[in-house]
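The block underneath contains the structure these notes are about, expressed in C-alpha cells.
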Amino acid sequence: MDAPVVELRNVSKHFGEGPTRVDALRDVSLDVHPGTVVGLRGPSGSGKSTLLNVIGCILEPNAGTMRLNGELVYDGRWLRPDLRGLRLEKIGFIFQSHNLLPFLNAWENVAIARTLAGATLARAKARALELLNYLGVEHRKDAMPGQLSGGEAQRIAIARALANDPRIVLADEPTAALDSQRAGAVMDLLRKVATERRTAVIVVTHDEKIFDRFDHIHLLRDGALEAMQAQAA
Amino acid sequence: MNLALKDIGHNLGRFLLTCLGLSLLLGIVLAMIGIYRGLIQESLGLVRAADVQVWVVEGGTRGPFAEASRVPGDMREAIAAQWGVAAAGAVAYQNVEAQHRGATKRLLVVGAQIAKPGEAPSVTAGRAILRSRYEAIADASAGLALGERITLGRDSFTVVGLTRDLVASGGDPVVFITLRDAQKLQFDLAPAAARREAARATAAAGSTDTVNAILVRLLPGVDPQRFVREIARWKHLSAYTQAEQETILSRSVIERARRQIGLFTSLLLVVSTVIIGLIIYTMTIDKKKSIATLKLIGAPDRRIIGLIVQQALAMGLISFAAGAALINATHGLFPRRLVLEPADAVTLFGIVLVVCLIASGLGVRTALKIDPASALAG
C-alpha cells in the first residue's frame, strides 16, 4: 500500500479555556491513503468539521503532528508560513452548497483555482475544459452558477477542487443538497477521481444513502475517533 | 482573469446606477470649481480688459472695485501730462437697473472716454463708440441686439457694438457708454428732485465732473512701480499697478466666495468619500462568501485587496468621467459662467483616486478579517 497522504498523530484541538473549554478533537490519529474515499460521520458537535478544518490547514491544532503528502506541516506549530499556498498546492475543497463564485461562469470558476496557482489564463482554461469534459459537464461551460442545477453545480465545484491536481480532496457534506440519484452520481465521480488520479478523498457526511460508497468510515464522537468500519466500495 | 471586472459585469446595473449617483456628486464638485474659476475670470475680466499698467484712484482708497473712489475729472489731464505716460483715460462705474423687453436687467455701466484707456476692448460685433452721446456697447450676456435701444436713467442709448464675457464680479453684464453720458446718468435727477435741489441751491456747490479712476498706459520701458511711487507723493491720489489692482479685487471681492466654494467642494469630497466607502463596504459584505471561498482555495490577500481596490477605482474613474462629461455638456446652461480648466479636472481626478483608495480601506479591512472557514459553513 502507498504511504498515506494524510497522517495525523495525536492531534488535539480545543476552544476556550478553563470552565468554558471545549475539546473539539482529542488525540485523533488518522491515515488516509491515496486512491481511497474516506467518510467522516458523527453527530452534530462531534468534531467532524473541526477535523476537516484542521486537515485543510484552516484551523491550527493545539497538539500533535500532521503530515500532508509526506510533508510535515504541523508539529506543535505550523511549519509553513504560507498556509494558503499549501492549500492551493495540495488540497481541493468541495462544499455543501458548492460555493461557486456567482460572478464567474462555469469554466472560469474552475480556471480561477489554476490561475491562482500561477497558470496563464489560456492554460487554466484548457485545464478547466478538460476537467469539465472529464466530469461530463463541458456543455455547461459558459453557464453562470445561477443557471446550473444542483448536480451540475456540484460537478463544477468538483472540477474546481481538482484544478491543481491536489493529492487530497476534502468534501463537506457534498451530497446534502442533492436527491439520492444525484448524490450517488457525485459519489461515483469522487470514486472515479480517487481511483484514476490516486487522490485521497475525505468526505464529511450525515447521508446514510452513501455510506456504502466509502472505503472506510470513521465515526467521531465527542472529538475522538471511536470506531472504524470497513465498507464495501 | 480580473475578478473586479467580472464582479462588476455580474452586477452591472447596480454598479452603473451607483456610478450615476456618484457622477452627479462629482459633477457638482467640478461645477463648483468651474464657478470659482468663472468668478475669477469674470471679476478680473473688466480689470484686465482695460490693458493698462497703472490705476490712479482717490487718495487713501483701494480703488473702485473695493470701495468708493472719487477723483476730480480734470486730474486726467494732469496724469496724462506726466513723464512716461502714453495715454490716460478716466472711467466711472455704476450699477444700474434698466427695463428691457419687460424685464428688469441689472447692469454695470462703465463710462469711458473715446479712444482712451478704459473704453470697451475688442468688440465682437458692431463697432466702437464714435459719437460722444447716446451710444452703448453691451456684453452679449445682457441679451441686447445691435441697433436695439435701451433706456438708462432718463436717456435712451443705441447699442452699436457687442462684447463677449465681460461682466462684473457679481455677474452683471457690462455696458459701456461715454464718460460724459455716465456722469450725466450718475447725477441726473428726476424732475421733482431736480427742482427741490435747485431750490436748496446746494447742487451748484458740487461738481459733476468726478470719475472713479484714471487708467494709465505707460510708454514701453517705464517701470510701473516707479510711476506708482511718483503719484503717491501727490497725497490726494493713490496709485496701484495692474497686478496690485487685480490682487485687491480678488482679495476683497472674491476671497469670501472662494472660501465658500472651497468649503462646499471639501464637504462634497468628504460626502463622496463616505458614499464610496459605504458602497464598497456593502459590496464587500455581499461578497463575503465568495471572499471566504477564494481564501479557502488559496487566493492570496493581494488578490482579495485587488478585487476591492480595483472596484473602488473603477467606480471613481467611471463616475468622474460621467460627471465631467455631464458638466461639459451642460455648462452653458448655468446662470454664471463655468470655466472648466484641464488642470482642475486632472487635479480633481487625482483627488478622486485618492478618495477611492481611502474609501476602499473599510472594505479591505472587512475582507481581510473574513475567516476562510466560513466558506465551509452551510
Side-chain angles (χ1 to χ4, degrees), chain A residues 48-50 52-54 56-60 82-105 107-122 124-125 128 144-146 157 160-161 163-164 166 170-173 176-177 204, chain B residues 1-19 279-280 282-315 318 363-364 367-378:
Chain A
K48 303 186 297 295
S49 294
T50 304
L52 205 67
N53 285 342
V54 166
C57 305
I58 300 164
L59 265 183
E60 184 174 2
D82 177 23
L83 291 175
R84 282 192 218 174
L86 178 72
R87 288 201 291 269
L88 195 60
E89 220 175 85
K90 296 185 190 295
I91 306 168
F93 289 91
I94 302 167
F95 309 92
Q96 180 180 336
S97 54
H98 63 72
N99 283 27
L100 295 177
L101 301 177
F103 47 86
L104 300 181
N105 66 22
W107 76 258
E108 288 168 339
N109 257 294
V110 180
I112 180 74
R114 195 76 172 172
T115 58
L116 288 174
T120 62
L121 186 60
K125 184 176 182 180
M144 297 303 284
R160 179 176 64 190
N164 290 322
L170 302 179
D172 186 21
E173 305 268 12
V204 166
Chain B
M1 192 182 302
N2 190 306
L3 296 179
L5 290 180
K6 292 282 179 190
D7 188 38
I8 288 171
H10 183 63
N11 297 300
L12 192 61
R14 193 176 67 164
F15 185 82
L16 289 181
L17 207 61
T18 307
C19 286
I279 292 166
I280 293 295
T282 310
M283 286 168 72
T284 307
I285 294 295
D286 286 350
K287 285 195 289 285
K288 223 170 168 178
K289 188 101 181 175
S290 297
I291 290 170
T293 304
L294 279 168
K295 282 184 170 182
L296 190 67
I297 65 175
D301 281 342
R302 65 173 184 280
R303 195 78 190 249
I304 312 282
I305 294 169
L307 165 67
I308 293 161
V309 171
Q310 284 168 26
Q311 285 188 339
L313 291 176
M315 188 174 285
I318 293 170
V364 167
L368 293 181
K369 279 185 173 176
I370 293 172
D371 182 4
S374 62
L376 289 167

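Since we're looking at a predicted model, the values are computed, not measured. Each chain gets a letter, A, B and so on, in the order the sequences are listed, and its residues count up from 1.
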Closest heavy-atom pair and its distance - [X], [Y]:
X	Y	answer
I297(B)	L88(A)	O-CD1, 2.9 Å
K295(B)	K369(B)	NZ-N, 4.1 Å
D371(B)	S374(B)	O-OG, 2.6 Å
A163(A)	R114(A)	O-NH1, 2.8 Å
R160(A)	A113(A)	O-CB, 3.9 Å

* Asked: For K287(B), is it the side chain, the backbone, both or neither that has a heavy atom under 4.5 Å from a heavy atom of chain A?
  ->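 Only the side chain of K287(B) comes within 4.5 Å of chain A.
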* **Atom group of L3(B) that falls short of 4.5 Å from chain A, counting heavy atoms** =>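 For L3(B), the contact with chain A is made by backbone and side chain together.
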Chain B contact via [X] - side chain, backbone, both or neither, heavy atoms under 4.5 Å:
X	value
P102(A)	both
L83(A)	neither
E89(A)	neither

* Qualifying salt bridge (Lys or Arg N to Asp or Glu O under 4.0 Å) pairs, either residue in residues 300-311 of chain B, two or more places apart ->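 For residues 300-311 of chain B, and leaving out neighbouring residues, the salt bridge (Lys or Arg N to Asp or Glu O under 4.0 Å) pairs sorted by first residue read R84(A)-D301(B).
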* In terms of heavy-atom pairs under 4.5 Å, which option from I112(A), D82(A), L121(A), T115(A) contacts chain B the most? ->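 Most pairs with chain B among the choices: I112(A).
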* To do: Report the option among P372(B), A299(B), P300(B), A292(B) that has the most heavy-atom pairs separated by less than 4.5 Å from atoms of chain A.
  =>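 Going by pairs under 4.5 Å, I would pick A299(B).
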